[in-house]
Amino acid sequence: DAGVIQSPRHEVTEMGQEVTLRCKPISGHNSLFWYRQTMMRGLELLIYFNNNVPIDDSGMPEDRFSAKMPNASFSTLKIQPSEPRDSAVYFCASSRDFGNTIYFGEGSWLTVV
Amino acid sequence: GEDVEQSLFLSVREGDSSVINCTYTDSSSTYLYWYKQEPGAGLQLLTYIFSNMDMKQDQRLTVLLNKKDKHLSLRIADTQTGDSAIYFCAESSYQKVTFGTGTKLQVIP
């Protein structure tokens with residue numbers, strides 16, 4: 001079975017540009033999570049969806065960040081405008097039901113210069 | 001809020017056993033997990049234990065759970081250089097999954 005698929009794997013962008021990260025969860029999973037990982041703050045949960053509905057976005061750092069899940073097989077995390085402090089690895093993950101085992105994608109490595 | 005704590009760093013010699021420890025605060029945890037993250041990669045699920053178990057063994061991996069003390073450990077027997085990675089402990093309850101900060105395991109040849 002295909003795992004969680006994220007794109008792009010690596011992105012370098014200039015400050016002020018819009019960044020869109022994409023995720024395809026594992027088929028049949030109805031919970032989807034976006035995490036951010038940095039050296040300073042470790043692994044942070046940004047937002048999670050259950051059955052395509054955002055349940056908790058309290059981890060989203062500020063209004064520049066937004067996430068959508070238009071259907072069960074696709075989600076986006078958008079940063080507009082991007083700033084250098086947004087440089088991090090962004091992980092998408094999914095699980096069959098909330099509270100069950102979470103499976104991670106390989107991450108999108110974002111550098112904002 | 002719920003908290004999961006791990007030591008940041010562990011160094012062992014190749015062939016020795018590694019023990020990575022984790023403590024958590026959520027008394028309603030249902031599952032506890034160990035994930036492995038190699039450089040440049042995502043988090044890979046290593047093993048998990050249901051909260052009503054106290055031990056689970058899978059080849060070189062042994063998970064011990066002390067539910068009374070809310071303490072979880074991962075023992076890696078005959079540690080190899082390929083085991084060098086960051087190991088994350090996580091606990092799940094109905095409402096959320098909480099990850100620890102990760103323990104970086106360095107294996108010295």
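The shown structure was predicted, so the numbers you read here are calculated from the model rather than taken from an experiment. Quick note: numbers below take in every heavy atom, side chains included, and nothing from hydrogens, waters or symmetry partners. Each chain gets a letter, A, B and so on, in the order the sequences are listed, and its residues count up from 1.
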**Request:** Establish whether A/Ile47 and A/Phe74 are linked, either directly or via other cluster members, by ILVMFWY side-chain heavy-atom contacts under 4.5 Å.
**Result:** no
**Asked** Taking a hydrophobic cluster as the set of Ile, Leu, Val, Met, Phe, Trp and Tyr residues connected by side-chain heavy atoms closer than 4.5 Å, whether directly or through intermediates, do B/Leu64 and B/Tyr33 fall within one such cluster?
**Response** no
**Prompt:** B/Leu74, B/Phe9: one ILVMFWY side-chain cluster at the under-4.5 Å cut-off?
**Reply:** no
**Request:** Check whether B/Tyr24 and B/Met53 end up in the same hydrophobic cluster, where Ile, Leu, Val, Met, Phe, Trp and Tyr are linked by side-chain heavy atoms less than 4.5 Å apart.
**Result:** yes
**Heavy atoms of other groups near B/Asn52 CG, more than 12 under 6.0 Å** = yes
**Item:** Residue among B/Ile86, B/Leu43, B/Thr101, B/Thr98 satisfying side chain to side chain contact (heavy atoms under 4.5 Å, CB included) with A/Leu43
**Value:** B/Leu43
**Request:** Inspect the surroundings of CD in A/Glu62 and state if more than 12 heavy atoms from other residues, nucleotides or ligands are less than 6.0 Å away.
**Result:** yes
**Request:** Measure the shortest side-chain to side-chain distance between A/Thr101 and B/Tyr31 over non-hydrogen atoms and say whether it is less than 4.5 angstrom.
**Result:** no
**chain B contact residues among residues 102-109 of chain A, heavy-atom distance under 4.5 Å** = A/Ile102, A/Tyr103, A/Phe104, A/Gly105, A/Glu106, A/Trp109
**Rounded distance (nearest 0.5 Å) linking atom CD of A/Gln37 with atom CZ of B/Phe99** = 10.5 Å
**Message:** Taking NZ in B/Lys104 as the centre, count heavy atoms belonging to other residues, nucleotides or ligands within less than 6.0 Å. Is the count above 12?
**Reply:** no
**Item:** Common cluster, A/Leu77/A/Met15, ILVMFWY with side-chain heavy-atom separation under 4.5 Å
**Value:** yes
**Message:** At a 4.5 Å cut-off on heavy atoms, which part of B/Gln37 comes close to chain A: side chain, backbone, both, or neither?
**Reply:** side chain
**Fill in**
Under 4.5 Å to a heavy atom of chain B? For A/Arg9 that would be side chain
